[in-house]
Amino acid sequence: MANDASTVFDLVILGGGSGGYAAALRGAQLGLDVALIEKNKLGGTCLHNGCIPTKALLHAGEIADQAREADQYGVLTTFQGIDINAVHKYKDDVISGLYKGLQGLVASRKVTYIEGEGRLSSPTSVDVNGQRIQGRHVLLATGSVPKSLPGLEIDGNRIVSSDHALKLDRVPQSAIVLGGGVIGVEFASAWKSFGTDVTVIEGLKHLVPVEDENSSKLLERAFRKRGIKFNLGTFFEKAEYTQDGVRVTLADGKTFEAEILLVAIGRGPVSAGLGYEEQGVALDRGYVLVDEYMRTNVPTISAVGDLVPTLQLAHVGFAEGILVAERLAGLKTVPIDYDGVPRVTYCHPEVASVGITEAKAKEIYGADKVVALKYNLAGNGKSKILKTAGEIKLVQVKDGAVVGVHMVGDRMGEQVGEAQLIYNWEALPAEVAQLIHAHPTQNEAMGEAHLALAGKPLHSHD
């Protein structure tokens with residue numbers, strides 16, 4: 001291995017996804033000499049196989065639904081179907097534009113970008129393309145890949161991962177989605193909008209099971225209304241090919257058949273064979289273990305993003321990468337409050353939340369110390385105009401701050417910005433109630449909910 005001793009970087013980053021490139025950009029901004037190593041494309045899962053392409057598909061599905069339902073608004077349209085190649089072109093154009101912009105940004109910050117498959121070769125170096133890249137500190141940010149189950153082989157044909165689903169050359173007539181979390185319900189929603197007959201299989205008792213139970217129930221009600229079928233509370237047993245599709249058998253013997261099976265049970269860390277264990281980095285089930293400042297047990301190595309056991313969200317990766325860069329540059333840093341991270345599932349209707357669930361609040365503070373209020377979007381003018389249904393649910397410590405905001409309804413992801421300020425600034429309901437929210441907006445529902453929680457409801461019953 002040739003040792004490139006001409007430069008010792010302040011920071012060598014292995015992985016150019018959300019966490020890695022955020023650390024590179026912020027580190028360079030703070031005067032660090034940064035090398036960024038990526039084996040595929042800059043931007044990682046989020047830009048190329050996750051957040052961006054899935055949201056493009058969901059938006060195309062939303063347009064299809066609007067075309068079908070336009071007569072409800074007095075607009076005469078004819079829905080003729082989905083041109084999947086044109087949908088992919090639209091999706092790929094969005095990705096391409098963002099990708100070019102990101103490449104330009106990295107270049108403008110004078111980050112040394114190295115394309116190639118890197119491997120940790122010492123606590124202060126990464127080997128790539130026959131060279132040893134030396135650094136005073138190494139940041140591991142190698143991300144994640146779709147997971148499967150023992151005995152369930154994802155073949156890219158009839159049994160596919162989200163990576164395959166994003167490039168599917170057709171709209172399947174029918175699909176089984178294994179997993180009712182974020183990835184599963186987003187694909188179920190998009191495919192239903194495209195005209196697919198969809199069934200979601202979730203082993204736990206609710207869809208989006210990490211959300212507040214009220215949000216899960218509202219989403220289930222909305223999915224029933226849309227004709228998206230689901231089976232809850234029974235785990236997967238096996239999958240097998242039929243003459244023209246796939247049959248899924250559950251642990252209770254119940255079977256389901258469809259043209260295609262999407263395995264959407266989550267994503268696992270990319271850490272095997274990259275030299276982590278050889279260099280003494282502590283792992284658990286493939287995840288790199290870190291403290292609240294993203295430091296591993298090896299003093300010169302940090303890790304961020306999907307590689308560590310925190311929330312698998314691009315904006316969490318950004319925040320963790322920035323934290324590492326600022327720590328290494330000598331700035332004062334504050335650990336991330338993961339409860340304070342906004343979370344959005346972009347199905348139709350959207351599910352958005354920040355803070356803790358009512359159940360968690362009762363566990364922490366005691367059932368008698370927790371107050372919950374639901375504000376139905378039926379009382380919100382803009383939601384009525386949009387013909388969306390749902391609720392904003394607030395969870396408050398009695399006589400104290402709002403510790404959870406949970407929302408279901410179209411465009412609720414756009415309301416989560418104010419929700420995160422309410423949680424993270426430990427706002428009292430009366431303080432939010434003082435703020436004047438524009439009318440008619442969906443954002444107004446946030447104000448109305450806090451007015452009600454403060455004991456002075458306006459457009460809602462006591």
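These figures come from a predicted structure and were not determined experimentally. Computed over heavy atoms, backbone and side chain alike; hydrogens, waters and symmetry mates excluded.
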Exercise. Go through L98 and V94 one step at a time and tell me if the side-chain contact (heavy atoms from CB on, under 4.5 Å) criterion holds.
Key: CA-CA 6 Å; L98 292 170; V94 172; 4.2 Å; yes
Quiz prompt | Residue pair I37, I13: steps toward the side-chain contact (heavy atoms from CB on, under 4.5 Å) verdict | solution = CA-CA 6 Å; I37 300 163; I13 303 169; over 6 Å; no
Practice problem: Walk me through it: do D339 and K360 pass the test salt bridge (charged side-chain N to carboxylate O under 4.0 Å, His left out)? | Solution: CA-CA 11 Å; D339 287 333; K360 185 69 174 175; over 6 Å; no
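Remark: the backbone N or O of P457 is not paired with any side-chain donor or acceptor of S460 at under 3.5 angstrom. In this structure, R343 contributes its side chain and G355 its backbone to a donor-acceptor pair below 3.5 Å. Without hydrogens or angle criteria, S96 side chain to D92 main chain gives no donor-acceptor distance under 3.5 Å. Here the side chain of T45 pairs no donor or acceptor atom with the backbone of N49 at under 3.5 angstrom. H406 places a side-chain N or O within donor-acceptor distance of the main-chain N or O of I356, the cut-off being under 3.5 Å. The backbone N or O of D155 lies less than 3.5 Å from no partner atom in the side chain of E153, so there is not a single donor-acceptor pair. Of the possible donor and acceptor atoms, one in the side chain of H88 sits under 3.5 Å from a partner among the backbone N and O of L168. Side chain of S271 to main chain of G286: a donor-acceptor pair is present (N/O by atom type, distance under 3.5 Å, no hydrogens or angles).
Evaluation of the side chain to side chain contact (heavy atoms under 4.5 Å, CB included) rule for E117 yields K39 as partners, not counting sequence neighbours. When the side chain to side chain contact (heavy atoms under 4.5 Å, CB included) test is applied to F79, the partners found at least two apart in sequence or on another chain are A64, A67, R68, I82. Every residue was checked against the side chain to side chain contact (heavy atoms under 4.5 Å, CB included) condition with A272, not counting sequence neighbours, and none meets it. Taking the side chain to side chain contact (heavy atoms under 4.5 Å, CB included) definition, one finds that P146 meets it with S161, S162, D163, R267, sequence neighbours left out. Residues forming a salt bridge (Lys or Arg N to Asp or Glu O under 4.0 Å) with K147 (at least two apart in sequence, or on another chain): none. For E426, there are no salt bridge (Lys or Arg N to Asp or Glu O under 4.0 Å) partners two or more places apart in sequence or in a different chain.
Pairs engaging residues 201-255 under the ring-ring contact (aromatic ring centres under 6.0 Å, His included) rule: none recorded [sequence neighbours left out]. Within the structure, every pair that satisfies the salt bridge (charged side-chain N to carboxylate O under 4.0 Å, His left out) test and touches residues 78-91, not counting sequence neighbours, is listed here: K89-D93. Each salt bridge (charged side-chain N to carboxylate O under 4.0 Å, His left out) pair with one or both residues in residues 198-216, not counting sequence neighbours, appears once here: D212-K393, E213-K217.
Here the options are V248, T242, D244, the test is side-chain contact (heavy atoms from CB on, under 4.5 Å), and the partner is E257; only T242 passes. Applying the side-chain contact (heavy atoms from CB on, under 4.5 Å) test between Q396 and each of V370, V403, L453 identifies L453 as the sole match.
The CD atom of E350 sits 12.5 Å away from the OG atom of S215 when rounded to the nearest 0.5 Å. Here the CD atom belonging to E115 is positioned 8.5 Å from the CG atom belonging to N129, to the nearest 0.5 angstrom. Atoms OG1 and CG, on T296 and L307 in that order, are 10.5 Å from each other to the nearest 0.5 Å. Between the CD1 atom of I63 and the CG atom of D65 there is a distance of 9.5 Å, given to the nearest 0.5 Å. Between the CG atom in L102 and the NZ atom in K41 there is a gap of 12.5 Å [rounded to 0.5 Å]. Note that the CG atom of L232 and the CG atom of L204 stand 9.0 Å from one another [nearest 0.5 Å].
With salt bridges taken as basic N to acidic carboxylate O contacts below 4.0 Å, one links K229 and D197.
The side-chain heavy atoms of L57 and W191, taken from C-beta on, include no pair separated by under 4.5 Å. With a 4.5 Å cut-off on side-chain heavy atoms, V341 and Y423 do not count as touching. Side-chain contact between V12 and L14 is absent, with no heavy-atom pair separated by less than 4.5 Å. Side-chain contact between S148 and L152 is present, with at least one heavy-atom pair separated by less than 4.5 Å. Using a 4.5 Å heavy-atom cutoff, the side chains of R109 and Q29 are in contact. Between Y276 and T142, some side-chain heavy-atom pair lies under the 4.5 Å cut-off. Side-chain contact between E240 and T249 is present, with at least one heavy-atom pair separated by less than 4.5 Å. Residues L250 and T255 form no side-chain contact, since every pair of their non-hydrogen atoms from C-beta on lies 4.5 Å or further apart.
The heavy-atom pair separating V246 from A239 by the smallest distance is CG1-CB, 4.3 Å. Y73 and L386 get closest at one heavy-atom pair: OH-O, 3.4 Å. Nearest heavy atom pair, residue I95 against residue P53, reads CD1-CB, 3.8 Å. S108 approaches L105 most closely through the heavy-atom pair OG-O, 2.7 Å. Closest non-hydrogen pair, R226 versus S189, comes out as NH1-OG, 2.8 Å. Here the shortest heavy-atom pairing between G340 and V354 reads O-CG2, 3.5 Å.
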In a table with atom names and distances, give each donor-acceptor pair under 3.5 Å that connects a side chain of residues 313-325 to protein atoms at least two apart or in another chain.
{"unit_1": "H315", "atom_1": "NE2", "unit_2": "P342", "atom_2": "O", "d": "2.7"}
{"unit_1": "E320", "atom_1": "OE1", "unit_2": "G305", "atom_2": "N", "d": "2.7"}
{"unit_1": "E320", "atom_1": "OE2", "unit_2": "T310", "atom_2": "OG1", "d": "2.8"}
{"unit_1": "E320", "atom_1": "OE2", "unit_2": "Y338", "atom_2": "OH", "d": "2.7"}

N/O donor-acceptor pairs under 3.5 Å from side chains in residues 407-417, not counting sequence neighbours:
{"unit_1": "D410", "atom_1": "OD1", "unit_2": "H348", "atom_2": "ND1", "d": "2.7"}
{"unit_1": "Q415", "atom_1": "OE1", "unit_2": "N443", "atom_2": "N", "d": "3.3"}
{"unit_1": "Q415", "atom_1": "OE1", "unit_2": "N443", "atom_2": "ND2", "d": "3.2"}

Which donor-acceptor pairs under 3.5 Å do the side chains of residues 169-186 make with protein atoms, sequence neighbours left out?
{"unit_1": "R170", "atom_1": "NE", "unit_2": "E259", "atom_2": "OE2", "d": "2.7"}
{"unit_1": "R170", "atom_1": "NH2", "unit_2": "E259", "atom_2": "OE2", "d": "3.3"}
{"unit_1": "S174", "atom_1": "OG", "unit_2": "E259", "atom_2": "N", "d": "2.9"}
{"unit_1": "E186", "atom_1": "OE1", "unit_2": "K55", "atom_2": "NZ", "d": "2.9"}
{"unit_1": "E186", "atom_1": "OE2", "unit_2": "K55", "atom_2": "NZ", "d": "3.4"}
{"unit_1": "E186", "atom_1": "OE2", "unit_2": "Y346", "atom_2": "N", "d": "2.8"}

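Counted by atom type alone, N380 and Y375 present zero donor-acceptor pairs between their side chains at under 3.5 Å.
Surrounding NZ of K167 are more than 12 heavy atoms belonging to other residues, nucleotides or ligands, all under 6.0 Å away. Summarising the local packing, CD of E69 is surrounded by more than 12 heavy atoms from other residues, nucleotides or ligands at distances under 6.0 Å.
Note: H439 and H459 have parallel aromatic rings, judged against thresholds of 30 and 60 degrees for the angle between ring planes.
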